[in-house]
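Taking it in order: structure first as structure tokens, then the write-up.
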Amino acid sequence: MRVSRATAGGLAAMLAAVVLTAGCGGGPSPGAWATSVCSALTPWRAEIRKLTSSTDQQMTAQTSPAQAKENLVRLFDGAARASETARLRVEQAGVPDAEQGAEVSARVRTSLAQMRDAYAKARDTIDSLSTSQSTAFYDGVRDAVQTLNQEYEAGVLDASNLKSEELTRAFAEVPECR
């Protein structure tokens, strides 16, 4: 069974697009905020990419349902923790002093929280599955991953209606965002 790739790359691109096109006032400069956000998202993307690859390997490996369950629970727990760490780091970055800054900051944090919750739900669902019947177990895993993918996609931000030239410029110029 292959786990569909709710890749961090696609999410990161969407998050970057939102960040590139939004902002509000009173906090760090757009450049400082962009640096903080990109510094938070870079290790998160790498961790999610690594965990996604490990999940794919796990699902194609010749392991028992009990072994697969243990590994998948650990992998999804790692993804939930990585998402929460990124969310906290974005929260610590504050609100950029740019047009729509409060909205953008809140939307990025909310999106990461939704990712965290989706991974935690998948972890808990798989953890509750019985491993006594292999087919039933893997059907349950497939359903949990399908739900994860739907919830993950629902958490992706839509940046099409946000605009901020100063944040766009900041994200284009900050080395951490390249």
Report yes or no: does [X] contribute a side-chain atom to a donor-acceptor pair with the main-chain N or O of [Y] at less than 3.5 Å?
X: Ser83; Y: Ala79; answer: yes
X: Arg178; Y: Glu173; answer: yes
X: Ser53; Y: Arg49; answer: no
X: Trp33; Y: Gly94; answer: yes

ask   = Which atom names give the shortest non-hydrogen contact between Val174 and Ala34, and what distance separates them?
value =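 What the structure gives for the nearest pair is CG2-CB, 4.1 Å.
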note = Sequence neighbours excluded, the answer for side-chain hydrogen bond (donor to acceptor under 3.5 Å, both in side chains) partners of Glu91 is Arg87
ask   = Partners of Ser64 by side-chain hydrogen bond (donor to acceptor under 3.5 Å, both in side chains), sequence neighbours excluded?
value = Gln67
task = Before giving the answer on side-chain contact (heavy atoms from CB on, under 4.5 Å), spell out for Lys69 and Asp127 the whole-Å C-alpha distance, their side-chain angles and the decisive distance to 0.1 Å.
result = CA-CA 7 Å; Lys69 178 179 179 174; Asp127 196 33; 3.8 Å; yes
key: Between CG on residue Leu41 and CD on residue Glu176, distance to nearest 0.5 Å   =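 Answer for the CG-CD pair, Leu41 versus Glu176, is 12.0 Å.
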task = For Ala120, check side-chain contact (heavy atoms from CB on, under 4.5 Å) against everything at least two apart and list the hits.
result = Ala80, Arg123
message = Side chains of Val141 and Leu72, heavy atoms from C-beta outward: is any pair under 4.5 Å?
response =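 Sidechains of Leu72 and Val141: in contact.
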ask   = Hey, are Arg74 and Asp77 close enough for a salt bridge, meaning a charged N less than 4.0 Å from a carboxylate O?
value =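 Salt bridge flag = no for Asp77 with Arg74.
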request  = Check whether Leu129 and Tyr119 end up in the same hydrophobic cluster, where Ile, Leu, Val, Met, Phe, Trp and Tyr are linked by side-chain heavy atoms less than 4.5 Å apart.
outcome  =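 Result: yes, single cluster for both.
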